[in-house]
Amino acid sequence: MTQMDWKLELVIVPVTDVDRAKKFYTEQLGFAEDVDHRAGDSFRVVQLTPPGSACSITIGTGLTTAPPGSYQGTHLVVKDIEAAHAELAGRGVEVSEPFHFTAEGKRPGLAPERGDYETFLSFEDPDGNGWTVQEVGRTTS
């Protein structure tokens, strides 16, 4: 039996103000705008894709019953967390300093070994939807 592919393609992010959120994701995060479609006053879908990602997000009207700001913990993956921090801060995003985890819990700063899946930073969109950026692939080509 052939294994079926299950590809994550789209995640809906609940927001209050679609235009404000669209501006944040495109101008401050650099996501590409794929679609901005309206069907009357009660339905709007805006699909946005992070640079280099095969998965997109959608913000809009009439898409979900989840409350704005309830979306938490989705990870964006980068090869260089320090460069990602500098880019986000330079774009005006309120971003945390890098952090890592030890047996004692969350600690400030880069993970000592800088191994994959060890160093993180976080930020929120204007509605409080929380994102995590994770360093992966730094030591591989």
Side-chain angles (χ1 to χ4, degrees), residues 2-141:
T2 304
Q3 182 175 353
M4 182 181 300
D5 286 345
W6 296 84
K7 297 175 183 175
L8 181 62
E9 185 158 326
L10 186 71
V11 176
I12 296 174
V13 178
V15 300
T16 53
D17 182 326
V18 178
D19 291 320
R20 178 183 70 172
K22 178 181 168 180
K23 184 175 181 178
F24 174 79
Y25 284 103
T26 59
E27 293 181 14
Q28 291 190 264
L29 296 184
F31 286 21
E33 178 185 330
D34 304 320
V35 174
D36 188 340
H37 173 74
R38 296 172 199 252
D41 292 335
S42 61
F43 182 81
R44 180 177 178 193
V45 59
V46 179
Q47 182 172 314
L48 308 163
T49 304
S53 180
C55 183
S56 301
I57 67 166
T58 290
I59 57 175
T61 306
L63 302 175
T64 181
T65 58
S70 64
Y71 184 75
Q72 301 295 317
T74 295
H75 285 52
L76 295 168
V77 175
V78 297
K79 284 189 177 188
D80 185 338
I81 202 95
E82 292 173 300
H85 183 274
E87 181 175 330
L88 290 171
R91 290 174 171 259
V93 176
E94 291 186 30
V95 61
S96 76
E97 291 298 321
F99 59 90
H100 65 283
F101 293 92
T102 68
E104 292 78 38
K106 184 176 172 180
R107 296 288 183 241
L110 302 169
E113 301 296 319
R114 292 291 295 274
D116 286 350
Y117 310 101
E118 293 181 358
T119 304
F120 308 86
L121 53 85
S122 60
F123 64 89
E124 293 182 346
D125 75 6
D127 285 292
N129 292 299
W131 291 80
T132 300
V133 179
Q134 181 176 46
E135 186 173 66
V136 179
R138 180 177 175 275
T139 58
T140 59
S141 55

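- For the pair V93/F24, a side-chain contact is recorded, criterion being any heavy-atom separation below 4.5 Å from C-beta on.
- Checking side-chain atoms of R91 against main-chain N and O of E27 turns up a donor-acceptor pair under 3.5 Å.
- Heavy-atom minimum distance, A21 versus V15: CB-CG1, 3.7 Å.
- With hydrogens and angles disregarded, no donor-acceptor distance shorter than 3.5 Å links the side chain of S122 to the backbone of S96.
- At most 12 heavy atoms of other shown residues, nucleotides or ligands fall within 6.0 angstrom of atom OH in Y117.
- Within the 4.5 Å cutoff, the side chain of P50 has heavy atoms near those of the F31 side chain.
- Using a 4.5 Å heavy-atom threshold, the side chains of K106 and F120 count as separate.
- Residues N129 and P68 share a closest heavy-atom pair of OD1-C, 4.5 Å.
- Annotation: side chain of V11 is in contact with side chain of Y71 (closest heavy-atom distance under 4.5 Å).
- Of all heavy-atom pairs spanning S56 and D34, the tightest one is OG-OD2, 3.6 Å.
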_One pair to check against side chain to side chain contact (heavy atoms under 4.5 Å, CB included): L121 and L88. What are the steps and the verdict?_
CA-CA 10 Å; L121 53 85; L88 290 171; 4.0 Å; yes

*asked:* Is there a side chain to side chain contact (heavy atoms under 4.5 Å, CB included) between R114 and I81? Walk through the geometry before answering.
replied: CA-CA 10 Å; R114 292 291 295 274; I81 202 95; 4.2 Å; yes

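- In terms of modelled atom types and a separation under 3.5 Å, the side chain of T26 and the main chain of K22 share a donor-acceptor contact.
- Put simply, the residue from H100, E135, E82 that forms a side chain to side chain contact (heavy atoms under 4.5 Å, CB included) with L110 is E82.
- Here the straight-line distance linking atom OG1 of T58 with atom NE2 of H37 works out to 12.5 Å at 0.5 Å rounding.
- For the pair V133 and W131, the minimum side-chain heavy-atom distance is 4.5 Å or more.
- The shortest heavy-atom contact between H85 and P98 is CD2-CD, 4.1 Å.
- The two residues L8 and C55 come nearest to each other via the heavy atoms O-CB, 3.6 Å.
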*Verdict with reasoning, D125 to R20, per side chain to side chain contact (heavy atoms under 4.5 Å, CB included)*: CA-CA 10 Å; D125 75 6; R20 178 183 70 172; over 6 Å; no

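- Taken from CD1 in I12 to CD1 in I59, the straight-line distance is 11.5 Å, to the nearest 0.5 Å.
- Interatomic distance, CZ of R138 versus CG of D116, reported as 9.5 Å (0.5 Å rounding).
- Side-chain contact between T132 and F123 is absent, with no heavy atoms from C-beta onward closer than 4.5 Å.
- Side chains of D127 and P14 form no contact here, defined as non-hydrogen atoms less than 4.5 Å apart.
- When side chains are defined from C-beta on, E94 does not count as touching E124, because their heavy atoms never get closer than 4.5 Å.
- E87 places no side-chain N or O within donor-acceptor distance of the main-chain N or O of L29, the cut-off being under 3.5 Å.
- Between R44 and D36 there is a salt bridge, since a side-chain N of the basic residue sits under 4.0 Å from a carboxylate O of the acidic one.
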